[in-house]
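Structure first, then comments.
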Amino acid sequence: MAEKKPNLNMKNLNGGKSNAVRSVIFMFLVICLTMLFVSNMNQNIAQKAEVAISDVIMRANDPESNIAKITVSGNTVDVTLKGENQPTETSRKDGSGTLYDMGLKTLDEFCEGVSENEVSKCQQKYPVIEYKEDVNVWGIVLDVMLTILPIVAIVIFLSWMMRQATAANNQSMSFGKARAQLYGPDKKKVTFKDVAGNEAAKQDLTEIVDFLKNPKKYEKLGAKIPRGVLLAGDPGTGKTLMARAVAGEANVPFFSISGSEFAEMFVGVGASRVRDLFSKAKKNAPSIIFIDEIDAVAHKRDARGGAGREDEQTLNQILVEMDGFDNDSGVIVIAATNRVDMLDKALLRPGRFDRHVNVTLPERKDRLEILKVHFKGKPIEADVNLEALAKKTAGSSGADLANIANEAAITAAREGHKAISNADVTESFERVAIGPERKSKVMNEKERKITAYHEAGHAIVGHVLPDSDPVHKVTIIPRGMTGGVTWFLPPEDRSYKNVYELKDILARAMGGRVAEKLIFGTDAITTGASSDLRNVAELSKSMIIEEGMGSSLRNVVFPNEATGYYTITTGKPYSEKTAELIDAEVKKLSDEAAKRAEEVLKANKKVLDRLAEELLKHETLEEKELEPILKDAKLPITAKLYK
Ligand code: ADP
Ligand code: ZN
Ligand code: MG
């Protein structure tokens, strides 16, 4: 049961390469081989009965026995009976002695004392004795193979696994070789046209493009060509896209590597990678080196312990390489980060990343442009309203918007539509913001009723309080982890919020829990409010600590300065005494929010009942349907007094 500001922060969860699949295939192979091996043995056993050698010899010496042939190969003695053409019995003898040594009669002994004319008949009864010196080579080979193959397979598999693990760090044994991807002119070219909005950043980078295209122009005038450009901005704002666009516009090769790749490497590898990367880029000059997520290697060496030695070496190597650039090297290093505040100061000095380009979250008109870029080439119905979507998506990054466009296409395909409809777009927006609709989630009547009152509580408090955004939509259809959602939409994008507005946000977030309490009783409140309460806790804490909005802690903030006295001694950037003050201030804010919500809802009990009832009937109410219900809600004088 979330109270939702449309502020998306989507993470792309990429599953790694599936080692599990490989293991399964390997296990399958081993099982197959084992079965083959076992069945082979079984065959031998099944076909030949094991008998004692003394028994064989005794029977062979008896003219009335049914033994036709005895085959000796090595220590194995196979017995073929009369009327068979395959040995059906097998025996083993010890040592190198022959069967005669063990008491087998020779042919002459066998037929001793037989009358002249009976001899040939007697001789036919004597088993054929065959010594096979040339033992079955293939049989042995097969046996050996079947025995050692699984072992070999395991050894190969293990070494291959280790190689994979190494490769993940290292691209298979090429220690120190940069695994920089080259986006040459033949790779799908990205230009500034593909980057919507962010005009200021594009303008700054146009200059870089010109440096790369006409270096002479600048050299003649003795201008120092910039070496490093730092792209700073929130995740998903298009920094990577922007860097590629610079390469595309200048039509130069683009070597890219991510800081997080360095972080995974073995000791000493990072630095040599850097060396290799720079030498490649220099050979291909003019060119661009792009170091994505540079904060992964270039974070501040903090007060306790400092950055990892490995990171430090990598970082130093980057600095050394950049310092070693000639003015005409023609290589420009672009780095991107979401955390400028985390970067080591050494990186930002002149001659290094001294040009800063801020890539910002898009404003409404930029969001519209980005949406147009990503809906381009997708069939859309006439009713699709991208402007309304742009309005709803304040706080979303370019990546979020690209994601919405893609989800809309998926939704349309799933619904079997020929083109994307506005309903598909709305569904995908809500899906990306909160999660998929869960019609299947079972809610009994009681729970539906609680949810209806809960959401109605959010909506009424938000509607009534003067500095809250208007209510856009209320639904009790479960979505993602929530039982229902109340959406508030700012009429326009805003960069700042004042204390009045923030306090109204806190109060409307409390509206859900408070409505439950008023209708169902003090201890009938549910766990459906947990994410609301978490939001209240986070927002009120940041108001006190980061924004200086407390009443006793007004205009004081506590930046997390790594070298600060309290950070070093207590791990927090403030004293124990201040910590108590902060806790008290935070509690005061949430208590006040709950009290205001309660006053509003007590004064508007009838509207609350009516809205909950309508929600139970229709499940979802849009702005137009909410208006006639909410227009009767009034702001009680006490709730106003907190101003
Ligand atoms: P960052 O590197 O800042 O985290 P990316 O450059 O990786 O962000 O952006 C991710 C995706 O979001 C891009 O591939 C693109 O599809 C989309 N995107 C982000 N910003 C824009 C923009 N300004 N115009 C068009 N698409 C964008
Ligand atoms: Zn809620
Ligand atoms: Mg990126």
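Atoms within a ligand are numbered from 1 in the order they appear, just like the ligands themselves. In this chain, residues are counted from 1 in sequence order. The structure displayed is predicted, hence computed values, not measured ones.
Scanning all protein heavy atoms for the shortest distance to atom 12 (O) of ligand 1 gives A399 CA, 3.1 Å. In terms of protein heavy atoms, atom 26 (N) of ligand 1 is closest to H374 NE2, 2.8 Å. The protein heavy atom nearest to atom 2 (O) of ligand 1 is T240 OG1, 2.6 Å. Looking from atom 4 (O) of ligand 1 to the surrounding protein, the closest heavy atom is G236 N, 2.8 Å. Given atom 18 (N) of ligand 1, the protein heavy atom at minimum distance is G398 C, 3.6 Å.
Looking at G238 next to ligand 1, an N or O pair under 3.5 Å apart turns up. Considering both main-chain and side-chain atoms, A196 comes within under 3.5 Å of ligand 1 through a nitrogen or oxygen pair. Looking at L241 next to ligand 1, an N or O pair under 3.5 Å apart turns up.
F290 and F254 have their aromatic ring centers within a separation under 6.0 angstrom.
With ligand atoms numbered from 1 in the order given, ligand 1 contributes 22 (C), 23 (N), 24 (N), 25 (C) to contacts under 4.0 Å with heavy atoms of I370. Taking every non-hydrogen atom of D194 and a distance limit under 4.0 Å, the qualifying atoms of ligand 1 come out as 24 (N), 25 (C). Against a heavy-atom cut-off of under 4.0 Å, V195 is close to the following atoms of ligand 1: 23 (N), 24 (N).
Using a 4.0 Å cut-off between heavy atoms, T237 contacts ligand 1 through both its backbone and its side chain. Neither the backbone nor the side chain of D366 has a heavy atom within less than 4.0 Å of ligand 1.
Note: I477 CD1 to E619 CD = 4.5 Å, rounded to the nearest 0.5 Å. Note that CG of D295 and OG1 of T337 are 3.0 Å apart. Values are rounded to the nearest 0.5 Å.
Inter-residue side-chain proximity for I450 and F520 is flagged as met; some heavy-atom pair is nearer than 4.5 Å. Annotation: side chain of Y453 is not in contact with side chain of L518 (no heavy-atom distance under 4.5 Å).
For H458, the N, O or S atom closest to the Zn ion (ligand 2) goes by the atom name NE2.
There is a side-chain donor-acceptor pair under 3.5 Å between S397 and D400. Under the 3.5 Å distance criterion, with hydrogens and angles disregarded, a donor-acceptor pair is assigned to the side chains of D424 and S421.
The closest approach between P235 and ligand 1 falls below 4.0 Å for a heavy atom of the residue. By the 4.0 Å heavy-atom criterion, N198 is excluded from the residues contacting ligand 1. By the 4.0 Å heavy-atom criterion, D400 is excluded from the residues contacting ligand 1.
Put simply, E455 stays out of reach of the Zn ion (ligand 2), with no N, O or S atom under 2.8 Å from it.
K473 pairs with exactly one of E430, E455, E623 by the salt bridge (Lys or Arg N to Asp or Glu O under 4.0 Å) rule, that one being E430.
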